[in-house]
Amino acid sequence: MKKIGGVSARMAAGAVLVLLPVAGCGEKAGADAVGSRRTGPSMGSTPSRPWTEADLNRVALSDRDGYEVSGRVPMSASPSTRTANPAMCSPILQALGKSSSTYSAGARINRIFSSKGSGSGASMTLASHSMGDARGVVGAFRTAAAECTAFRDMEQSYDYEAVEVQPDPRYGDESVSLRLVQVVSYPDGESLKVPFAVVVTRKGTTIATFYDFNMPRGVEGATPAEIPDDLVRAQLDRL
């Protein structure tokens, strides 16, 4: 995500839900991870079985040309309980959270990528499922994206509007891309509109979810947010 400077304390604290604590990792890597094996799946193969947390950490992008890992958010493998109003929009809201869908996962990990230049970054979640559940995650998100135009986060009391499905980027085995705007209202009547972009894609039994946003008081302001194509493709190449 972009470097955040000159943002008010109120904005940083409450306006954008993706500013989650990143100091703790909540993940185990390598040989010490739960369920790890010395002979894990190769980088170039798509598994027919769910991957473990160690597997996901092994294939997740690390620092690479043009992007750097700027943080990690502890992820839950449990199903998300976040709900939207109307409820059919919940899969979109869940894709922006710390548990990326209403489906439980064998493992979930997170990476936050920052651009080293002036381009965009993104927050990414990798989640391992059974094949049926992996397809269900994308299907639920696709249906919500097609049917929802606006909704409310019942937990954070944020509103979302201008939900628009984007052309299919044709990532992985299937993918869905959309844009939307988060509306943050304050008691003094002020409101901020934060453009978001979200991509959900499946490769085998692994779901990769990417999202990014533009700071409304930043240089890009109300410009539609974008997920860097090269970042998504680089990650999928490793699955």
Side-chain angles (χ1 to χ4, degrees), residues 1-2 18 20 22 25-30 33 36 40-77 94-101 103 105-117 119-129 131 133-135 137-138 141-142 145 166-179 196-213 225-239:
M1 295 180 185
K2 304 160 193 67
V18 296
L20 299 169
V22 297
C25 171
E27 302 167 5
K28 301 177 183 177
S36 65
S42 66
M43 288 292 189
S45 64
T46 302
S48 58
R49 56 164 179 78
W51 274 355
T52 65
E53 184 176 342
D55 296 332
L56 294 179
N57 279 316
R58 188 178 300 116
V59 299
L61 287 175
S62 56
D63 290 358
R64 56 181 291 270
D65 292 340
Y67 291 92
E68 60 184 4
V69 177
S70 60
R72 304 180 185 186
V73 176
M75 302 296 291
S76 170
Q94 292 158 359
L96 303 175
K98 296 169 68 174
S99 183
S100 54
S101 74
Y103 290 82
R108 280 191 180 95
I109 67 169
N110 172 274
R111 297 290 186 272
I112 299 174
F113 296 98
S114 294
S115 173
K116 294 180 180 178
S120 298
S123 179
M124 177 190 75
T125 296
L126 296 180
S128 179
H129 297 273
M131 183 63 76
D133 282 359
R135 289 172 172 159
V137 171
V138 180
F141 185 83
R142 179 184 292 112
Q166 302 300 300
D168 185 355
R170 299 188 181 279
Y171 294 133
D173 296 321
E174 55 180 330
S175 56
V176 183
S177 175
L178 63 80
R179 287 175 177 163
F196 273 76
V198 189
V199 169
V200 175
T201 180
R202 178 183 66 83
K203 190 165 185 181
T205 59
T206 302
I207 297 294
T209 302
F210 300 82
Y211 64 83
D212 193 26
F213 64 95
E226 295 184 357
I227 307 297
D229 178 77
D230 62 334
L231 176 64
V232 178
R233 295 191 184 280
Q235 179 60 75
L236 293 178
D237 285 346
R238 294 174 66 94
L239 295 179

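E53 places no side-chain N or O within 3.5 Å of a backbone atom of I109 that could act as its donor or acceptor partner. Judged by distance alone, with hydrogens and angles left aside, the side-chain atoms of R238 form a donor-acceptor pair with the main-chain N or O of V59 at under 3.5 Å. Here the side chain of S114 pairs no donor or acceptor atom with the backbone of S70 at under 3.5 angstrom. In this structure, the side chain of D63 engages the main chain of V69 through a donor-acceptor pair within 3.5 Å. R179 contributes a side-chain N or O that, together with a main-chain N or O of A225, makes up a donor-acceptor pair within less than 3.5 Å. The backbone N or O of P74 lies less than 3.5 Å from no partner atom in the side chain of R72, so there is not a single donor-acceptor pair. In this structure, the side chain of S123 does not engage the main chain of I112 through any donor-acceptor pair within 3.5 Å. Here the side chain of E174 pairs no donor or acceptor atom with the backbone of V200 at under 3.5 angstrom.
Taking each heavy atom of G204 and A134 in turn, the nearest pair found is O-CB, 4.1 Å. Residues L231 and A122 approach most closely at CD2-CB, 3.8 Å, considering heavy atoms. The shortest non-hydrogen separation linking L56 to L126 is CD1-O, 3.7 Å.
The pair D55-R58 meets the salt-bridge criterion, since a charged nitrogen lies less than 4.0 angstrom from a carboxylate oxygen.
In this structure, the side chains of R142 and L178 stay at 4.5 Å or more apart for every pair of heavy atoms. When side chains are defined from C-beta on, T209 does not count as touching F141, because their heavy atoms never get closer than 4.5 Å.
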Q) When you look at R111 and N57, which way does the side chain to side chain contact (heavy atoms under 4.5 Å, CB included) test go after all the steps? A) CA-CA 10 Å; R111 297 290 186 272; N57 279 316; 2.9 Å; yes

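With no hydrogens or angles considered, a side-chain donor-acceptor pair links S99 and R108 at under 3.5 Å.
Aromatic ring pairs are classed by plane angle as parallel below 30°, tilted from 30° to 60° and perpendicular above 60°; the pair F196 and Y211 is tilted.
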